Amino acid sequence: MFFSFVDELRAAGIPASIKEHLTLLEALDRQVIEARPEDFYYLARATFVKDEGLLDRFDQVFAKVFKGIETSYGTEAQELPEEWLKAVAELYLTPEQMAEIRSLGSWEEIMETLKKRLEEQQGRHQGGSKWIGTGGTSPYGNSGYNPEGVRIGGTGGQRRAIKVWEQRAFQNLDNTKELGTRNIKVALRRLRRFAREGAADELDLDATIEGTARQGWLDIRMRPERHNAVKLLLFLDVGGSMDPHIRLVEELFSAATAEFKNLEFFYFHNCLYESVWKDNRRRFAERTPTWDVLHKFGHDYKVVVVGDASMSPYEITHAGGSVEHYNEEAGATWMKRLTNTYPATVWLNPVPEQYWGYTQSIRVIQQLLDDRMYPLTLDGLEDAMRTLSRKM
């Protein structure tokens, strides 16, 4: 099994030498970890993965080779009983029944009622119109129908919840993914400002010829390497409704990594709040305060935000609107701080532009960025790069 593991790692493009394989076996022989699949996962990852951009590939290989081995990796205890969150068959209602369901009112009223239900309810509930459960018309739970509900775990059917509470596992984007086309790189090259900085370790052929002709002997001249001096901050929305767009965003991420030497990236979910993160698997344990990002990177950085901007409008406009934590300040507040700090900011949206008018949250984000939202297409990329270039 271990030999096939090494072969699969190599096939996936992860450097796996015999030395690393022997190191893993030696660590197991010396019992440096407990005999648990989760501990073995972390030991193997630390042994073979030297680049965080390969973490997602490693996870896929590990799951393929050791499929069927039970592990608790990636799971945490939930606040709500797990049996409450098991999805049941979709409850099909007649148009007349759906028409009878009424909105509870404002955001504050819905959240206050949910708090009371959590305090009152003593057990699992299935169906019905009041308690938190599955397959009913209550505004709280999952796998049912209500036009203004709060989904708690499970899977959404109608995509009409104004808030979703659940623990999610996101994957890191692979920055070594090979592009199917070079066109994205070509579009990004519009945002270039070359400079020569650093050590003089590149032969300056023209200066060498000129100096040799003038001096009468070989006069070798060196110069710093020429590189793109543009500084780029990349904010990437991950998880949830962004899952169908992973391949496209990975291609953009890979191209940006290749084109920009001064590139910093951070992940967020749905909307920018008080913190961002570098590793999706540790997004709750290792976060970077957004204030630190705004203060660390200078005003000369260009900012590209990538996301579908498809969420409940409350996630942007209200405190407490985040789907994973209680945000003390609205997402709109943080978006304004971002654009005030970095005037050269654009938003790339993978959702086709013809559908933007049907999503209220997209319109809100467009207004916050003064319409500097562009579709994640080649034409959209070129337009976005032109906008950033004009603000140099």
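All residue numbers refer to positions in the sequence shown, counting from 1. Here the structure is a predicted model, which means the values were calculated and not measured.
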K.L.:
With rounding to the nearest 0.5 Å, note down the distance linking OG in Ser275 to CG in Asn327.
P.N.:
10.0 Å
K.L.:
For Gly239 and Asp243, work out which heavy atoms get closest and say how close.
P.N.:
CA-OD1, 3.6 Å
K.L.:
Atom CD in Glu26, atom OG1 in Thr47: separation rounded to 0.5 Å?
P.N.:
10.5 Å
K.L.:
Can you list the steps and then say if Val305 with Asp237 is a side chain to side chain contact (heavy atoms under 4.5 Å, CB included)?
P.N.:
CA-CA 8 Å; Val305 185; Asp237 183 7; over 6 Å; no
K.L.:
I'd like to know if the side chain of Thr339 reaches the main chain of Lys336, judged simply by a donor and an acceptor atom lying under 3.5 Å from each other, with no hydrogens or angles considered.
P.N.:
yes
K.L.:
Could you measure the distance from the CG atom of Leu24 to the CG atom of Asp29? Nearest 0.5 Å is fine.
P.N.:
11.5 Å
K.L.:
How about Asp308 and Pro350: do any of their side-chain heavy atoms sit closer than 4.5 Å?
P.N.:
yes
K.L.:
How close do Trp277 and His269 get, heavy atom to heavy atom, and via which atoms?
P.N.:
CH2-N, 3.6 Å
K.L.:
Is Glu8 close to Lys64 at the side-chain level, that is, under 4.5 Å between some pair of heavy atoms?
P.N.:
yes
K.L.:
Grouping I, L, V, M, F, W and Y whenever their side-chain heavy atoms are under 4.5 Å apart, do Tyr326 and Phe284 come out in a common cluster?
P.N.:
no
K.L.:
Distance from Glu38 atom CD to Phe40 atom CZ, nearest 0.5 Å?
P.N.:
13.5 Å
K.L.:
Return yes when atom CD of Gln31 has more than 12 non-hydrogen atoms of other residues, nucleotides or ligands closer than 6.0 Å, and no otherwise.
P.N.:
no
K.L.:
Is any side-chain heavy atom of Val303 less than 4.5 Å from a side-chain heavy atom of Val346?
P.N.:
no
K.L.:
If I compare all heavy atoms of Leu348 with all of Leu376, which pair ends up nearest, and what's the gap?
P.N.:
CD1-CD1, 4.0 Å
K.L.:
Within the side chain of Thr290, is there an N or O that forms a donor-acceptor pair under 3.5 Å with the backbone of Glu274?
P.N.:
yes
K.L.:
When you look at Lys231 and Asp300, which way does the side chain to side chain contact (heavy atoms under 4.5 Å, CB included) test go after all the steps?
P.N.:
CA-CA 7 Å; Lys231 301 175 182 178; Asp300 56 337; 3.2 Å; yes
K.L.:
With a 4.5 Å limit on heavy-atom distance, are the side chains of Leu369 and Thr345 in contact?
P.N.:
yes
K.L.:
Under a 4.5 Å cut-off applied to non-hydrogen side-chain atoms, are Leu294 and Leu338 in contact?
P.N.:
yes
K.L.:
Short question: side chain of Arg287, backbone of Arg283 - any donor-acceptor pair under 3.5 Å?
P.N.:
yes
K.L.:
Would you mind checking if Glu329 and Arg337 are paired as a salt bridge, meaning a charged N to carboxylate O distance below 4.0 Å?
P.N.:
yes
K.L.:
Tell me whether the centres of the aromatic rings in Phe58 and Phe48 are closer together than 6.0 Å.
P.N.:
no
K.L.:
Using a strict threshold of under 4.0 Å (side-chain N to carboxylate O), is an ion pair present between Glu264 and Lys278?
P.N.:
yes
K.L.:
Begin with the C-alpha distance, continue with both residues' side-chain angles, and end with the deciding distance and a verdict on side chain to side chain contact (heavy atoms under 4.5 Å, CB included) for Met373 and Trp356.
P.N.:
CA-CA 10 Å; Met373 178 182 285; Trp356 292 0; 3.6 Å; yes
K.L.:
Among Trp291, Phe235, Tyr273, whose ring pair (Phe, Tyr, Trp, His ring centres under 6.0 Å) with Trp334 holds?
P.N.:
Trp291
K.L.:
Rounded to the nearest 0.5 Å, what separation is found between the CD1 atom of Ile316 and the CD atom of Gln360?
P.N.:
8.5 Å
K.L.:
Could Arg386 and Asp383 be called an ion pair, given the rule that one side-chain N must be under 4.0 Å from one carboxylate O?
P.N.:
yes
K.L.:
Aromatic rings Tyr267 and Phe265: how do their planes relate, parallel, tilted or perpendicular, breaks at 30° and 60°?
P.N.:
perpendicular
K.L.:
Which pairs with one or both residues in residues 339-367 pass salt bridge (Lys or Arg N to Asp or Glu O under 4.0 Å), sequence neighbours excluded?
P.N.:
none
K.L.:
State whether Asp219 and Arg221 are salt-bridged, where the test is any N-O pair (Lys NZ or Arg NE/NH1/NH2 against Asp/Glu carboxylate O) under 4.0 Å.
P.N.:
yes
K.L.:
If you define the side chain from C-beta out and look only at heavy atoms, does anything of Ser322 sit under 4.5 Å from His325?
P.N.:
yes
K.L.:
For residues Ile362 and Ser310, report the shortest heavy-atom separation together with the two atoms involved.
P.N.:
CD1-OG, 4.0 Å
K.L.:
One thing to verify: whether Lys50 and Glu20 come together as a salt bridge, which I'm taking to mean a side-chain N less than 4.0 angstrom from a carboxylate O.
P.N.:
yes
K.L.:
So, does Glu315 use its side chain to make a donor-acceptor pair with the main chain of Ser312 at under 3.5 Å?
P.N.:
yes
K.L.:
Examine Trp217 and Ile220 and state if one hydrophobic cluster contains both, with Ile, Leu, Val, Met, Phe, Trp and Tyr joined whenever side-chain heavy atoms are less than 4.5 Å apart.
P.N.:
no
K.L.:
Between Tyr301 and Tyr342, what is the ring plane arrangement, given parallel below 30°, perpendicular above 60°, and tilted in between?
P.N.:
perpendicular
K.L.:
Check the orientation of Trp347 and Phe268. Use parallel for under 30°, tilted for 30 to 60°, and perpendicular for over 60°.
P.N.:
perpendicular
K.L.:
Quick check for you: to the nearest 0.5 Å, what is the distance between Leu236 atom CG and Leu252 atom CG?
P.N.:
7.5 Å
K.L.:
Are the side chains of Tyr374 and Asp379 in touch, meaning some heavy atoms are under 4.5 Å apart?
P.N.:
no
K.L.:
Ile33 and Leu28: side chain to side chain contact (heavy atoms under 4.5 Å, CB included), yes or no, with the steps?
P.N.:
CA-CA 7 Å; Ile33 61 171; Leu28 292 174; 4.0 Å; yes
K.L.:
Could you pull out the closest heavy-atom pair between Met311 and Asn270, with the gap in Å?
P.N.:
CE-O, 2.9 Å
K.L.:
Specify the closest pair of heavy atoms between Leu234 and Ala256, including all atoms of both residues, with the distance to one decimal.
P.N.:
CD2-CB, 4.5 Å
K.L.:
Within the structure provided, determine whether Val65 and Ser4 are in side-chain contact (heavy-atom separation under 4.5 Å).
P.N.:
yes
